[in-house]
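These figures come from a predicted structure and were not determined experimentally.
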Amino acid sequence: MYEVLKGILVGDLQMREEAVVPTAGREEVGLDSLTAVELAALLRDRLGIEIHDYELMDAATVADVARLLEERLPHAGVEAAEGRP
C-alpha cells in the first residue's frame with residue numbers, strides 16, 4: 001500500500017519523490033489540510049477507500065497513512081471475517 005500511496009503523492013499531488021519515505025512526517029512531504037482533502041478524494045475515487053481528511057492529518061508519518069489505508073481497504077473486512085490474513 002505504501003507504493004500506491006507514494007505514487008499518488010508524487011504523481012497526482014506533485015510531492016517530491018525523494019521526500020516521500022515511510023518515516024517522513026506530514027510536514028516533510030507537504031501534506032497540509034488542503035492536500036489531505038485532495039488525497040482523501042483520490043483514495044475514494046481510485047481505490048474505494050473511505051477516509052476523512054482529518055484522519056489523514058492525524059497520521060504522524062507516511063507509513064502511518066499507508067497503514068490506515070490498508071485497514072480501510074474494502075476487501076480487508078471480508079478477508080478478516082473469513083479468517084484469511
Which atom pairs, donor and acceptor, lie under 3.5 Å between side-chain atoms of residues 15-23 and protein residues at least two apart or in another chain?
unit_1: R16; atom_1: NE; unit_2: E18; atom_2: OE2; d: 3.1

Exercise for review: Would you please name every residue forming a side-chain contact (heavy atoms from CB on, under 4.5 Å) with D32, sequence neighbours left out?
Suggested key: L34, T35

Exercise for review: With rounding to the nearest 0.5 Å, note down the distance linking CG in L68 to CD1 in I51.
Suggested key: 3.5 Å

Check your understanding: Out of curiosity, D12 CG to L39 CG, how far, rounded to the nearest 0.5 Å?
Key -> 9.0 Å

Point to revise | Residue pairs fulfilling ring-ring contact (aromatic ring centres under 6.0 Å, His included) with at least one residue in residues 14-68, sequence neighbours excluded | key: H52-Y54

Exercise for review: State which residues pass salt bridge (Lys or Arg N to Asp or Glu O under 4.0 Å) with D64; sequence neighbours excluded, sorted by chain then number.
Suggested key: R67

Revision key, fill the gap. Those residues at least two apart in sequence (or on a different chain) that pass side-chain contact (heavy atoms from CB on, under 4.5 Å) with A36 are L31, D53, L56, M57

Point to revise | Criterion side chain to side chain contact (heavy atoms under 4.5 Å, CB included) against L42, the qualifying member of I49, V37, L13, L9 | key: L13

Check your understanding: Which value, rounded to the nearest 0.5 Å, describes the distance between R72 atom CZ and R44 atom CZ?
Key -> 13.5 Å

**Study point:** Residues forming a salt bridge (Lys or Arg N to Asp or Glu O under 4.0 Å) with E50, sequence neighbours excluded
**Key:** none

**Study point:** Heavy-atom pair of closest approach, residues M1 and L47
**Key:** SD-CD1, 4.5 Å

